[in-house]
Amino acid sequence: AQSVTQLDSQVPVFEEAPVELRCNYSSSVSVYLFWYVQYPNQGLQLLLKYLSGSTLVESINGFEAEFNKSQTSFHLRKPSVHISDTAEYFCAVKIEGFKTIFGAGTRLFVKA
Amino acid sequence: KAGVTQTPRYLIKTRGQQVTLSCSPISGHRSVSWYQQTPGQGLQFLFEYFSETQRNKGNFPGRFSGRQFSNSRSEMNVSTLELGDSALYLCASSLVGQGFQDTQYFGPGTRLTVL
């Protein structure tokens with residue numbers, strides 16, 4: 001069965017510092033990977049997704065994630081965070097025809 | 001284009017009561033999925049509807065049910081509420097719910113509190 005592990009429940013970081021939110025998955029078949037962001041009192045928004053092709057995917061607001069098949073990871077990175085990036089981030093895994101499985105979430109807290 | 005809307009946004013009920021939550025998908029979207037979000041369990045999949053039929057189901061008791069109407073609007077019902085049902089219930093819609101170009105768009109959620 002597929003599963004998703006987000007290794008950090010909370011990540012505090014200072015503004016303009018780099019950040020990495022870690023995500024590992026397990027699956028016996030090919031998967032498709034997503035990162036969602038949830039701001040306070042809002043639903044989830046798709047940040048970026050890996051379907052196939054280049055293993056490095058980018059979002060419009062400076063985040064990027066790299067698919068590493070050998071390490072079964074899909075870590076999310078940003079070279080310089082802003083206060084407005086404070087939110088909860090969810091990694092998710094999907095196999096075609098099946099439901100999407102979400103990780104437990106990582107709360108990113110950016111400090112001034 | 002309007003986003004996914006959920007009503008009501010907040011709800012307070014007592015144990016034993018039942019509740020109905022509503023979700024209006026983005027116009028043209030035919031797939032609607034429901035999720036329960038709690039601090040302890042994270043996001044858990046409840047069920048997915050497509051063309052008025054339940055297509056996928058998560059591991060929730062029969063007290064949780066849903067339906068979808070011909071205009072793709074969906075309702076979720078929870079009967080005999082328990083304290084543990086307190087959660088944020090999220091609805092997500094997509095065009096057809098399959099294929100990886102088919103992105104899910106989430107509503108703001110309904111915050112249910114059971115006293």
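The chains referred to below are lettered A, B, ... by the order of the sequence lines, with proteins before strands, and numbering in each begins at 1. Every value quoted in this text rests on a predicted model; they were computed, and no experiment measured them.
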> Passes side chain to side chain contact (heavy atoms under 4.5 Å, CB included), B/Gln104 versus A/Tyr36? Steps please.
Replying inline: CA-CA 10 Å; B/Gln104 280 190 316; A/Tyr36 286 84; 3.9 Å; yes
> Do A/Phe14 and A/Val19 share a hydrophobic cluster (ILVMFWY, side-chain heavy atoms under 4.5 Å, transitive)?
Replying inline: no
>> Is any side-chain heavy atom of B/Leu43 closer than 4.5 Å to one of A/Gln38?
In response: no
> Can you get from A/Phe102 to B/Val32 by hopping between Ile, Leu, Val, Met, Phe, Trp and Tyr side chains that sit under 4.5 Å apart?
Replying inline: no
> With a cut-off of 6.0 Å (strictly less than), are more than 12 heavy atoms of other residues, nucleotides or ligands near OH of B/Tyr105?
Replying inline: no
> Which heavy-atom pair separates A/Leu44 from B/Phe106 by the least distance, and what is that distance?
Replying inline: O-CB, 3.2 Å
> With hydrophobic residues grouped by side-chain heavy-atom distances under 4.5 Å, do A/Val37 and A/Leu33 end up in a single group?
Replying inline: yes
> Does A/Arg107 CZ have over 12 foreign heavy atoms under 6.0 Å away?
Replying inline: no
>> Report which part of B/Arg9 has an atom under 4.5 Å of a heavy atom belonging to chain A: side chain, backbone, both, or neither.
In response: side chain
> Given a strict heavy-atom distance threshold of 4.5 Å, which part of B/Gln44 is in contact with chain A: side chain, backbone, both, or neither?
Replying inline: neither
> So which part of A/Gln45 gets closer than 4.5 Å to some heavy atom of chain B, the side chain, the backbone, both or neither?
Replying inline: neither
